[in-house]
*Asks:* 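The following block contains the structure, expressed as structure tokens.
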Amino acid sequence: MNRRYRKTIIAGNWKMNKTPSETKAFAEEFKALLPKTKWCDVVLCVPFVDLPAAVRGFKDSRVSVGAENLYFEKSGAFTGEVSADMLVDLDVKYVIIGHSERRQYFGETDVTVNKKVHTALEAGLSPIICVGESLEQREMGVTMELIALQVKSALAGVPAEQMRRCVIAYEPIWAIGTGKTATGDQAAEVCSFIRATIRSLYGARIARGVTIQYGGSMNPKNAAELLSHEDIDGGLIGGASLKPDQLMEIVHAANQD
Ligand code: PEP
């Protein structure tokens, strides 16, 4: 983390878990645990149907609410999809874009990710853009090339003044939901490379202000070590974000000196 230049953001990704009633209960429990000091930002990304309960539950707290996806068109005949304006109207602030599960199971590509990033930014949302390699790609030695391609494609056409609102999450696919975490050095190496890629596109001043998270089995035990690296500015957390006490332990880890 480097709090001097950029925000530390701990974000939960609930995936397809919890009902609206469970969301309400989670918010009550989590708010009661929130520390008084404000160093890191906390974001909870929840399923679409849970968004109203989450926004209500976290009103007047410093937890922001995010969606897990959106559609890139403004409106129209796209049955089952959700637009950026619908999210903004609910007071949603963040949206995860290009999570590996969406790339893997729902056919998202670098092209649709780029369209969604533009749609989110134009609507005033902050995109959390996910990038990451599979185990096969890591073993083939193409991680950095792949990450550069994903970052550059996601940000194609994004103007410098909108970069302030973009968050990048480095999520090695082999570490998501598997209990296998990248070592701090592995994660830091790729996060530094992502910052260097952004520097090559936007210059040093903008690059040093971008929040770059690590995601992949982050938990209360490994969070402090991962977050101790200069270029890891927070976490995108799946499994451990479903339990208020575990998520709060990670927030505490991000609040260390
Ligand atoms: C994720 O969903 O982005 C994630 C990192 O999940 P987990 O923490 O469960 O590996």
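Counting from 1, the numbers follow the sequence of the chain as shown. All ligand and atom numbering here is 1-based and tracks the order in the structure.
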*Asks:* Is D110 paired with K152 through a side-chain N to carboxylate O contact shorter than 4.0 Å?
*Replies:* no

*Asks:* Do any N/O atoms on T178 end up under 3.5 angstrom from N/O atoms on ligand 1?
*Replies:* no

*Asks:* Mind checking whether E101 has an N or O less than 3.5 Å away from an N or O of ligand 1?
*Replies:* no

*Asks:* What protein heavy atom is closest to atom 1 (C) of ligand 1, reported as residue, atom name and distance in Å?
*Replies:* H99 NE2, 3.3 Å

*Asks:* Relative to the heavy atoms of S217, which atoms of ligand 1 are at a distance of less than 4.0 Å?
*Replies:* 7 (P), 8 (O), 10 (O)

*Asks:* Nearest 0.5 Å, please: how far is SG in C130 from CD1 in I168?
*Replies:*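 If I round to the nearest 0.5 Å, the distance is 9.5 Å.
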
*Asks:* Could you tell me whether G216 and ligand 1 have an N or O pair separated by under 3.5 Å?
*Replies:* no

*Asks:* For ligand 1, which atoms sit closer than 4.0 Å to a heavy atom of G215?
*Replies:*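 Heavy-atom distances to G215 below 4.0 Å select 5 (C).
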
*Asks:* Test N69 against every option in K116, H99, E81 by the side-chain hydrogen bond (donor to acceptor under 3.5 Å, both in side chains) rule and name the one that passes.
*Replies:* K116

*Asks:* Among protein heavy atoms, which lies nearest atom 9 (O) of ligand 1, and at what distance?
*Replies:* G239 N, 2.8 Å

*Asks:* With a heavy-atom distance limit of 4.0 Å, tell me whether N13 approaches ligand 1 through its side chain, its backbone, both, or neither.
*Replies:* side chain

*Asks:* Distance to 0.1 Å, residue and atom name: give those for the protein heavy atom nearest to atom 2 (O) of ligand 1.
*Replies:*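 Here the nearest protein heavy atom works out to K15 CE, 2.7 Å.
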
*Asks:* Specify the protein heavy atom at minimum distance from atom 4 (C) of ligand 1: its residue, its atom name, and the distance to 0.1 Å.
*Replies:*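 Closest protein heavy atom to atom 4 (C) of ligand 1: G238 N, 3.6 Å.
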
*Asks:* Touching ligand 1 at all, A175? Heavy atoms, strictly under 4.0 Å?
*Replies:* yes

*Asks:* List every atom of ligand 1 that sits less than 4.0 Å from any heavy atom of G177, numbering the atoms from 1 in the order shown and giving each element.
*Replies:* 7 (P), 9 (O), 10 (O)

*Asks:* Give the C-alpha distance, both sets of side-chain angles, the deciding distance and a yes or no for side-chain contact (heavy atoms from CB on, under 4.5 Å) between L227 and I10.
*Replies:* CA-CA 10 Å; L227 295 169; I10 296 298; 4.3 Å; yes

*Asks:* Identify the two heavy atoms, one from A253 and one from A224, that lie closest to each other, and give their separation to 0.1 Å.
*Replies:*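 So the minimum-distance heavy-atom pair works out to CB-N, 3.9 Å.
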
*Asks:* Can you give me the closest heavy-atom contact between D231 and R6, atom names plus distance?
*Replies:*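 Shortest heavy-atom contact: OD1-NH2, 3.6 Å.
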
*Asks:* To which protein heavy atom is atom 3 (O) of ligand 1 closest, and what is the distance rounded to 0.1 Å?
*Replies:* E171 OE2, 2.7 Å

*Asks:* How many angstroms lie between atom OG of S126 and atom CD1 of I9, to the nearest 0.5 angstrom?
*Replies:*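 If we round to the nearest 0.5 Å, S126:OG and I9:CD1 are 7.5 Å apart.
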
*Asks:* Less than 4.0 Å between a side-chain N and a carboxylate O, is that true for R195 and D233?
*Replies:*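 Judged by the 4.0 Å cut-off on N to carboxylate O distance, D233 and R195 do form a salt bridge.
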
*Asks:* Please work out which of the three classes, parallel, tilted or perpendicular, describes the rings of F58 and F26, given edges at 30° and 60°.
*Replies:*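 Because their plane-to-plane angle is over 60°, the rings of F26 and F58 count as perpendicular.
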
